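One structure is given here, and the rest of the page talks about it.
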Amino acid sequence: MTPASFTCDDFEAALPAWLDGTLTSEDHATVEAHRDGCARCAALVADLHQLMSDARALPELTPSRDLWPDIAARIAPRVIEWPAGTSTDAPMGPRDALPARGGAPSWRRWAAAAALVVVSVGGTYLAMQSPVTSRSGERLVVEGPGQPRPPRPIAVSHPSASETLSGELEELERALAQREPELDPKTAAVIRRSLATIDRAIADARAALDADSSNVLLDRQLTRVLGKKVELMRRAALLPART
Amino acid sequence: MTSPAHAASAAGPSHDDVRAAQGGDRQAFERLYRAHVSRVFSVCVRMCGSRAEAEERTQDAFVRAWDKLPQFRGDSSFGTWLHRLAVNVVLNAREGTGRERAREVEDAADALEATAGRAAPPGLALDLEQAIAGLPAGARRVFTLFDVCGYTHEEIADQLGITTGGSKAQLHRARLLLRQALSR
């Protein structure tokens, strides 16, 4: 670019780079020399500088209404009714009209996991409310100093808490296996490592109970560890899919 | 309009709320919403060109933020993270792949050329907001992200799926068209 042959069209073409400050010092001087001698191009520069300044100073805008109630409704935990015996591929409503691509849609897998978690939470509650029993079904009572003497132990036939949780864990494992491909791989790996640690604790507790099946503390320990595994798997089953 | 760089310094008081919201505290998340909704809504309005659509996208952005909060590691401020997430929500809502985005930007460039060549009707005055809303979609987004929000051309190119040269060209065309609209 030479100042003598530099036209208004040349100026407009060089303007973005000049505004960006990416011209060589020689070209920069040429552009500025043209601007200083051309009222039309000087006005263009002044307008663009004003526009850029106005854009930076634009005020923040506010929505016409409070959007929080709608957002809160969308992020609220949802309880999904899941009739007994309904498979995860059963119709769920109008969205079933959507074509399925690559197996069940992720929202439906998530919904299936969520429904299972809802059921699982109830099952765990009942299990944890049950009296402590041995694995043979005999109710076990812990006696302590200062406690009123408990009623005579009664043999009961319902499954132990650990047995109930073990059943839930099988269901949750299936749900997690379905959802795992949708999860962030690093997150899934952390979950699996954590589950492996819990599984070792479960195995230790079971081995100890095999040697001393009437030990209440060991049974409680097994129930507690199983409960931790259920909790972790519920959380994992409800994690959002990666995007 | 607060730029992403400015947003970093405005995030201090919400640190505890971010941590609480990451742990599932909805009240903390509501406080984050109250603190950031104007900035998110503003970028949505200017990128969408429609207040009604921007309200939908703002909701989408906060719902997405809630879902993704566990992944927020604090590498940038929460405000910056949320702002970028909102931009992506707007882009993903109306476009599919990066190729489609690039095509739309090119279409917008053609529309700008055509519009810039028309004679301006006399007596029509537009303020800057209206003029931005009247830009073709691609030019509006580049102008909003660069001149209003303070993104770099590299960041814009990355988010819109275009080249930095395309971003610069769009910006210049948007400025010229806005100048023309505002001088009517």
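All values derive from a computational prediction rather than experimental measurement. Order of the sequence lines sets the chain letters (A, B, ...), proteins ahead of strands, with each chain counted from 1.
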Next item on the list: Would you mind checking if B:Arg34 and A:Asp66 are paired as a salt bridge, meaning a charged N to carboxylate O distance below 4.0 Å?
Entry: yes
Next item on the list: Answer yes or no: does atom CZ of B:Arg73 have more than 12 heavy-atom neighbours from other residues, nucleotides or ligands under 6.0 Å?
Entry: no
Checklist line | Side chain to side chain, B:Lys168 and A:Asp20, heavy atoms closer than 4.5 Å | finding: yes
Checklist line | A:Ile71 vs B:Thr58 side-chain heavy atoms within contact, under 4.5 Å | finding: no
Notebook entry, point to check: Does the distance from a Lys or Arg side-chain N to an Asp or Glu carboxylate O, for A:Arg74 and B:Asp60, drop under 4.0 Å?
Noted result: yes
Check: Of the backbone (N, CA, C, O) and the side chain (C-beta and beyond), which part of A:Ser64 lies under 4.5 Å from a heavy atom of chain B, both, or neither?
Finding: both
Notebook entry, point to check: chain B heavy atoms under 4.5 Å from A:Leu48: which part of the residue, side chain, backbone, both or neither?
Noted result: side chain
Item checked: Side chain / backbone / both / neither for A:Leu19 at chain B, heavy atoms under 4.5 Å -> side chain
Notebook entry, point to check: Between the side chain of B:Arg26 and the main-chain N/O of A:Ile75, is any donor-acceptor distance below 3.5 Å?
Noted result: yes
Item checked: Expected output: side-chain B:Tyr33 to main-chain A:Ala72 donor-acceptor under 3.5 Å -> no
Notebook entry, point to check: Around B:Glu154, counting heavy atoms of other residues, nucleotides and ligands shown, do more than 12 lie under 6.0 Å from its CD?
Noted result: yes
Notebook entry, point to check: What pair of heavy atoms forms the shortest contact from B:His172 to A:Glu12, and how long is it?
Noted result: NE2-O, 3.6 Å
Notebook entry, point to check: Is there side-chain contact between A:Asp184 and B:Gln71, with heavy atoms separated by less than 4.5 Å?
Noted result: no
Item checked: Point-to-point distance, once rounded to the nearest 0.5 Å, from CG of B:Leu176 to CG of A:Leu15 -> 7.5 Å
Check: Between A:Arg56 (side chain) and B:Cys149 (backbone), is there a donor-acceptor pair under 3.5 Å?
Finding: no
Next item on the list: Determine whether B:Leu182 and A:Asp47 make a side-chain contact, defined as any pair of heavy atoms from C-beta on separated by less than 4.5 Å.
Entry: no
Note to self: If you define the side chain from C-beta out and look only at heavy atoms, does anything of A:Leu58 sit under 4.5 Å from B:Glu129?
What the structure shows: yes
Next item on the list: Return the minimal non-hydrogen interatomic distance between A:Ala55 and B:Phe143, and the atom names on each side.
Entry: CB-CZ, 3.7 Å
Next item on the list: Please examine the side chains of B:Arg179 and A:Gln50, heavy atoms only from C-beta on, and report whether any two atoms are closer than 4.5 Å.
Entry: no
Item checked: Atom pair CG/CD of A:Asp70 and B:Gln59 - distance to nearest 0.5 Å -> 4.5 Å
Note to self: Could you check whether any side-chain N or O of B:Ser42 sits under 3.5 Å from a backbone N or O of A:Leu61, counting only pairs where one atom can act as donor and the other as acceptor?
What the structure shows: yes
Check: Among B:Leu171, B:Val37, B:Val63, who wins on heavy-atom pairs under 4.5 Å with chain A?
Finding: B:Val63
